[in-house]
Amino acid sequence: MTFGEQPAYLRVAGDLRKKIVDGSLPPHTRLPSQARIREEYGVSDTVALEARKVLMAEGLVEGRSGSGTYVREQPVPRRIARSGYRPASGATPFRQEQADGEGRGTWESRSAQTEASAAIAERLDIRPGDRVMCTKYVFREAGEPMMLSTSWEPLAVTGRTPVMLPEEGPLGGMGVVERMAAIDVVVDNVTEEVGARPGLAEELLALGGVPGHVVLVVHRTYYASGRPVETADVVIPADRYQVAYHLPVK
């Protein structure tokens, strides 16, 4: 294969992708069958099958049991605005994740004590096996799952205090900054690292995504005088949302 050439299955997939993007194959249209692709492009069954697999992995088409493969309707990405921590009174975790204040949604959560894994211990600057409070969230917008979040707080900081459970007690549902302030822990910094990876099966099931779809992952950590007091993984479906940062200029 000379430089610049593509395998046959990628050339076929590229042409079909173009037809999907330009509307020649609109949403809900049945994708040409394997036999049709073979005949139209003069390729083998193997090439036709691999081309269909590429489009499915990209989330452009979906298989329907007993019916065939159809073009998926592509969502228009919406924005999730972020601007670090928000110390304003009454801020909820969901409002913190939708820092522009325009989002309207609901969330559900569950908390449980557990032992810190090696990775979480490193992020919280504690020892592996130390006790942490782990809280898992599912955020919804207009009933549609939009974001998952799992947070960990060291019980050496919050244990046996009124804010040990993030969603219960007198400050249940408030943001990390306000909850920590209630126990005289002043949050003064937050870091976020953004990456992308294929979504895990359980994540895509919860978010209503297609196997193989990419998710954005935000690793967030709050600090008080250099000490990590909370860290979280925020998982966002990359095909439906874009993350926009509002960074103040000082």
Inset, instruction - Indicate yes or no: at least one non-hydrogen side-chain atom of V215 is less than 4.5 angstrom from one of E203. - result: yes
Legend entry - Interatomic spacing from CD1 in I183 to OG1 in T161 - rounded to 0.5 Å: 4.5 Å
Inset, instruction - Could you tell me which residues satisfy side-chain hydrogen bond (donor to acceptor under 3.5 Å, both in side chains) with D45, sequence neighbours excluded, listed by chain and number? - result: R38
Inset, instruction - Identify, with sequence neighbours excluded, every residue that meets side-chain hydrogen bond (donor to acceptor under 3.5 Å, both in side chains) alongside S151. - result: none
Inset, instruction - List in chain and number order the residues that pass salt bridge (charged side-chain N to carboxylate O under 4.0 Å, His left out) with E39, two or more places apart in sequence or in another chain; answer none if no residue qualifies. - result: none
Inset, instruction - Kindly check if the number of other-residue, nucleotide or ligand heavy atoms within 6.0 Å of CZ (R197) is above 12? - result: yes
Inset, instruction - Flag the pair H213 / D239 as yes when at least one side-chain heavy-atom distance between them is below 4.5 Å, and no otherwise. - result: yes
Legend entry - Partner residues of E108 under the salt bridge (charged side-chain N to carboxylate O under 4.0 Å, His left out) criterion, sequence neighbours left out: R140
Legend entry - Which residues share a side-chain hydrogen bond (donor to acceptor under 3.5 Å, both in side chains) with D22, sequence neighbours left out: S24
Legend entry - Which residues share a side-chain hydrogen bond (donor to acceptor under 3.5 Å, both in side chains) with T135, sequence neighbours left out: S111
Legend entry - Residues R17, E58; criterion side chain to side chain contact (heavy atoms under 4.5 Å, CB included); working and verdict: CA-CA 10 Å; R17 184 190 303 111; E58 292 176 351; 2.8 Å; yes
Inset, instruction - Quick one: closest heavy-atom pair of P154 and P228, and the distance? - result: CG-O, 4.2 Å
